[in-house]
Every structure is written in structure tokens, then in C-alpha cells.
*Asks:* 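Starting off with a structure, shown below.
Order of appearance sets the numbers: ligands from 1, and atoms from 1 within every ligand. These numbers come from the heavy atoms of this one structure, side chains and all, not from hydrogens, waters or symmetry mates. All of these numbers come straight from a predicted model, not from anything done at the bench.
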Amino acid sequence: MESGGGLAALFLACCGLMARASPVSVPGCTLEPVRNDQRVKVFYTTSRVTSGCVGRGPTDPNLEIHVLNLRYRDPVKPREIKFNVNVTAAKEKRKTVFVVNSNAFSVLDVNAEDHHLAFLTTKHILFIKGPNKENTTDLPLSSEELLNWAKAYYGGVTSFTELEDSQKIQFQVGREPNSFEECIPESNFNAEQYLEAEFASDNTKSCLGSTEHPGREAHIMWLQQNPPDSGTQAVDLNIKVTCSDGNPANELSTLLVLKSHEKMLWNIDQTPVLVKFLVSGKYSLKKVASNLINGIALPDSKDGLIQEALGKDFAFIASYTEIPSAKSITLELVRVCAGKKTEVTTPPQRKVPELTNMVKELIRLCHPWRCIDNSIEIAVPKSHLQASPSPITEITLRDPTCRATDNMTHFVLKSIVDHCSTQLEGGIHAKNQLVLTLPLLPDKVTVPFECDLPEKLFLHLYQTPDFRSASTTTVEVNKVTYVQVSFQIAEENHPLPLQDCFLQIPGQTSPQMLIHSGIPTSYSVEILNSPSIKTRHFSFIYKAEEQWSTLPATLVCQVHLETQLHGHRSYEGSTEVTLKNPTFPSHSLRIGTVLGITFGAFLIGVMLTAALWYIYSHTRLTVKMQPVSANPPASESSSTNHSIGSTQSTPCSTGSMA
Ligand SMILES: *[C@@H]1O[C@H](CO)[C@@H](O)[C@H](O)[C@H]1NC(C)=O
Ligand SMILES: *[C@@H]1O[C@H](CO)[C@@H](O)[C@H](O)[C@H]1NC(C)=O
């Protein structure tokens, strides 16, 4: 007597399969806890909390103080807690402070509409996502001391809640306190007026690991709460089936055994297609019809419930869960769907995925990469990594030889775009990944990233036509200088013309053109074959008649592009060079200077002799003669300034944590 009228529709689709499925005895079905099993998970939401109370609030009537103690049975495992705050419209102006402590490393992911929220947390809760202010202090860990501390500090609290193993909290603030009493915690408190929390059941057992899957499975849930004295209470149930592998092939025939107090009303939404029900209380199937279906009486014991499933020929218990109290329940099933036979293979061990995700999230929030000039720069501030529960010992790019160095405050790395396995797409879009080593994790954590390089030209000078020896910044007069112009611009399939190149020499009014509108301006300039469409080569000889040894100058090249897509665009590249005239020895002195120094020394000699003669003739004292040196000034030093003037900026320093 498992089904009501509406169920016929569900079964129609499955008759063929049901006929084929023969009764299977499952001797090896031993129920084992499924804490780390990804194939069966049961989540439920409830307002029943470990302990809690509401109070008359702090002395300041424009303030709400909510104290939360988040306890976790496995405090070593870091976790992310979703924290949604809803505000009753009337009390939007009231300031709300959440005093939160936890025995585990936690990341609070706060989602609140514009509201005056502040959080007071301990070091355990290191990182609050969301637009809220955060303050940390040392808070007591025990609930009693935490509550007493808050009462003393604020003169009272609005609510206190201790939650165990909750991963998602929905909080309602802005209500008038309906208690004029002290907040005295009660265990198993119903916090319905302000809070609902989601829990992952740690009380689910399963046969999945112990035996081969027979092709049909039962799920048993026992909702143990007592309904209120008057009326009924509803619980929503959703069953989500996903495939770990391949497409859904044969649907498994499924039995749901839903045990509760008979006043409970089960609202069943999503289920597998081939499903039978054994429900105590009433139930409705959203997919089929909204009318209520009467259930049956089910036994009050685990063994009894399993016997019921066995009696319906479902000896394989894929999940058995006892739930203390719930408003909604979600059963998540991950099945291996590919292939005809449903084989249960052991999935790879879960490797602290929370920690991995947390570290990834931390790095993404910090956004430590920049594309500058023709390089990728990484600067990860170590202060931000304190939020990571495990130290990060090494950061590299995809190429493990490209390792960031530790400069005390940051992990820093600079790599030009052709190196470190950086992929370049569309000419300027650079892609690579950060690879982080954390001793706590067996695997490295990778965080892919991408950034756009600025569009510009790069100029490199060489003294030989092979363009291979080390580039130089010196242009020797009357010798050939070879120039490579590299285009770092978005157009990739366009042959790029070199339009104008010239030398700018300080003090000269007009630049010295080398190439004008793509044409060499003199026979000493030659446009050479280019190795690729993004590189151009040319050479030139600089001639000079004047008398100088070195001169600073700037070599500039410009490109103007006209495309349908982007219209008219201009790019420019420049590099500082030193013009050098070796026929005029740079360490000798100009004639005028030499003459001046010689004349100066002569004058000093004459005057000294005169002074000595004067002293001698007037005082007749013996004067010790000092040797006099007239050192000529040091040769003119040539300063070659070839900085490209990149704007240094420190990623992450701009406070992008919000
Ligand atoms: C509370 O806010 C969340 C989003 O922050 C929203 O999805 C939910 O519907 C709201 N609930 C109520 C009761 O207002
Ligand atoms: C380390 O590098 C970062 C980024 O380049 C810089 O902002 C910071 O000042 C450096 N720290 C020290 C101590 O040099």
C-alpha cells in the first residue's frame, strides 16, 4: 500500500524496467557512516539550535547584539560559513553587532543587504567576505563565558545562539525584542523567530561501500521532532540526483521510507523518476498533484524501518538518516551513470577540498597579478595569507622553475611574457596560473589567472645583423645599428607596417627622421627582412660631424593602424640611447678645458710664490712648503638612462578585499 492515486503517473514510465529488475538478496549490506562519502549527502534546515535564548537587548535601544558560538566537532577542518542577514524594514536604522566565536578556523561569507552591520570576531574567524566591518578581539570560547562577556560589555544581548556543525545561517535582524528578561540559554532551543540554519547530517549510514549495487536502492529518513500540540507541521523534501560520470542511463528504482510523527506533512518536490514511497503522516507530490496523500503507520525503530524496506524488496539501503528536526531536507545522490550496469566504484578520496577552495578564494580575492609592459608581475602580500590555515611555502607559475621570491612582506615574481609557459592569446591576452605549495595539502593548489598586456611597441638595438647578441643602448657614430621593433598589440593576423622612426636629441629642434611614412629617409637607413608579422627589422648609420664624445638621445617608432573594427589607432615605442663618437676620445679633455686648467695652475703658482715671498720678507719665519696639486676635473661622465619608465604598482595593496 505504498502509493496513492497520483503515483500511477510516476510508475508508468518505468514499467519495462521494473519488470526486468529481479529481486536481489543483498547479503553484504552493512550500514556504515558516510561522513566522507560524496555519493550520499543529507542536508537539512532547522531553527532548533544546540542552545539559545532571546533577551531584552543592550542598554542602547538603537543597538542589537547577537551572540553566536559556532561549534564544530572537527575543528581542524577549515570551513566556509554562509551567513545571510535579512532586515525587517521598519528597523533598518538600528545598528546590529554580531559577536561571533568559533572553535574552528572559519571563513564567514556574509550576505546582507545595505544594513548597519558590524562583526566582532576572534582570530579563528579570519576572513569575512562581504561589505561589513570586522573587528577582532580575544573572545571566550565557552558559551557561558561568551554570553557573560557580551552582557557585561553591551549591558545585555538581543539573542544568543550556540550552533553545532552548521554551514549556512539565515539570520533575521531588526525585530522588537519580545523578551524583557535576561537571556538565559535553553538547550535544544527553538530560534524560529530569528534564525534558520543548514546542517549536513553526520548521522547518515549507507550500504554503498560494502557491497555491489544491485540496481535498486532504498533511502530511509527518520524525522524525530515532535510536532506542536495543535495542528500539523510541514517539511520540504528534495532529492537531487547527479551523475559523476557520463549521462543518466538506466534510472535506478528507488524506495523512499519517510518516517515522522503522523501529524507531519511531507511536501515532496524533486525525486528520481522511478520512485516508491512509504510515508508516515500525509504527503504531497508537487510534480504530480497538490492534493494530500495519506500515508501509513511505520515502526518506531531503525530495524523496523529497514524491515519495511526489505518487505518491499529493497534490501539495499543506500542511506539511512536520523534527523532531529527540520524545515526542509535535501538528499543529494551522486551516481555513476555511464554504462549499463550500475557499478559502484570507490571515488577518489576527498582531499580537504574546503581548504583548497579557501586558499583559491583567498588568492582570487587578493588578485595579485598584473600585466605591465611585456611582463607578468605577481605580488602576494603575506599579510593576506595569514587567513590561510596552512602556511604557503612556495608560489610558482605554471613553469615550476619560475618561483616567487620572498621579500619579507610579499611573494614577488616578474616574468616576461615569452617565459614561464605563459600563453598569449590575441596578441595581448596573457594566461598562466599560480601554483601554491601548502604542507598541509597533498596536492598543490593551482589558481589560473589572466590579464591584458598594454598595447605598445618595444625597441631593441643590436650591433650585429643576427639580432641575437645582447641588445645594446649605444649607437656608435658611423657604424651600423640594427633595430628590432616588436609589436605587442591586439591585431594578430594583420601585417604591421612600420611608419615613422626617428631620433630625438635634446637641444635639437626637429627630430632626426630615419623612416618616414614607411620609407627610409636616407641611403644609410635600410629596412630589412622581418622574421614575423609582429616583428620588424631595420638598420641605420648615424653620422656626425660635430665634436662631442657622447650624447643622450631617444629612438622613437610609431605605427598608425586603420581597421574597420577599432578605427584609427596609434602606437608608439621608444628607448633611450647614447650616441657615441669614438673618433673623439671620451676620456680626453677638450682643448679649451685643458688650456684653462693649465692657465689656472700657472696663476696659482705665481700667486703662491708672491705670497711666500711676502711672508718671508715681512716675518722671516720659516714656512713649510706644501706641495700644490691642480688636479684637472674628472672626465665628463656619460649617463645612460634607459629605464622604460614602467609604473610600479603593488597588486593587492589597493584593498580589494571587499
Ligand atoms: C532573506 O534574504 C535572502 C538573501 O539575502 C533572500 O533570498 C530571502 O528570500 C530573504 N528571506 C526573507 C524571509 O526575507
Ligand atoms: C616587496 O615587494 C612588494 C611588491 O613589489 C613591495 O610593495 C614591497 O615594498 C616589498 N617589500 C620589501 C620589504 O621590500
*Asks:* Side chains of D373 and S375 only: does a donor on one sit below 3.5 Å from an acceptor on the other?
*Replies:*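 Result is no, nothing qualifies.
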*Asks:* Which option out of V380, V412, T405, L413 puts a heavy atom nearest to atom 4 (C) of ligand 2?
*Replies:*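 Considering heavy atoms of V380, V412, T405, L413, the nearest to atom 4 (C) of ligand 2 sits in V412.
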*Asks:* What atoms of ligand 2 come within less than 4.0 Å of a heavy atom belonging to T409?
*Replies:* 1 (C), 8 (C), 10 (C), 11 (N), 12 (C), 13 (C)
*Asks:* Taking atom types as modelled, find out whether T161 and Y194 have a side-chain donor-acceptor pair closer than 3.5 angstrom.
*Replies:* yes
*Asks:* Number the atoms of ligand 2 from 1 as they appear, then name those within less than 4.0 Å of a heavy atom of N407, with their elements.
*Replies:* 1 (C), 2 (O), 3 (C), 8 (C), 10 (C), 11 (N), 12 (C), 13 (C), 14 (O)
*Asks:* What pairs meet the ring-ring contact (aromatic ring centres under 6.0 Å, His included) rule with one or both residues in residues 411-431, with sequence neighbours excluded?
*Replies:*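 Checked against ring-ring contact (aromatic ring centres under 6.0 Å, His included) - neighbours excluded - no pair reaches residues 411-431.
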*Asks:* Could you go through residues 430-437 and list every donor-acceptor pair under 3.5 Å that involves a side-chain atom there, pairing it with any protein atom two or more places apart or in another chain?
*Replies:*
residue, atom, partner, partner atom, Å
K431, NZ, E425, OE2, 3.3
N432, OD1, R398, N, 2.9
N432, ND2, C420, O, 2.8
N432, ND2, T422, OG1, 2.9
T437, OG1, K444, NZ, 3.1

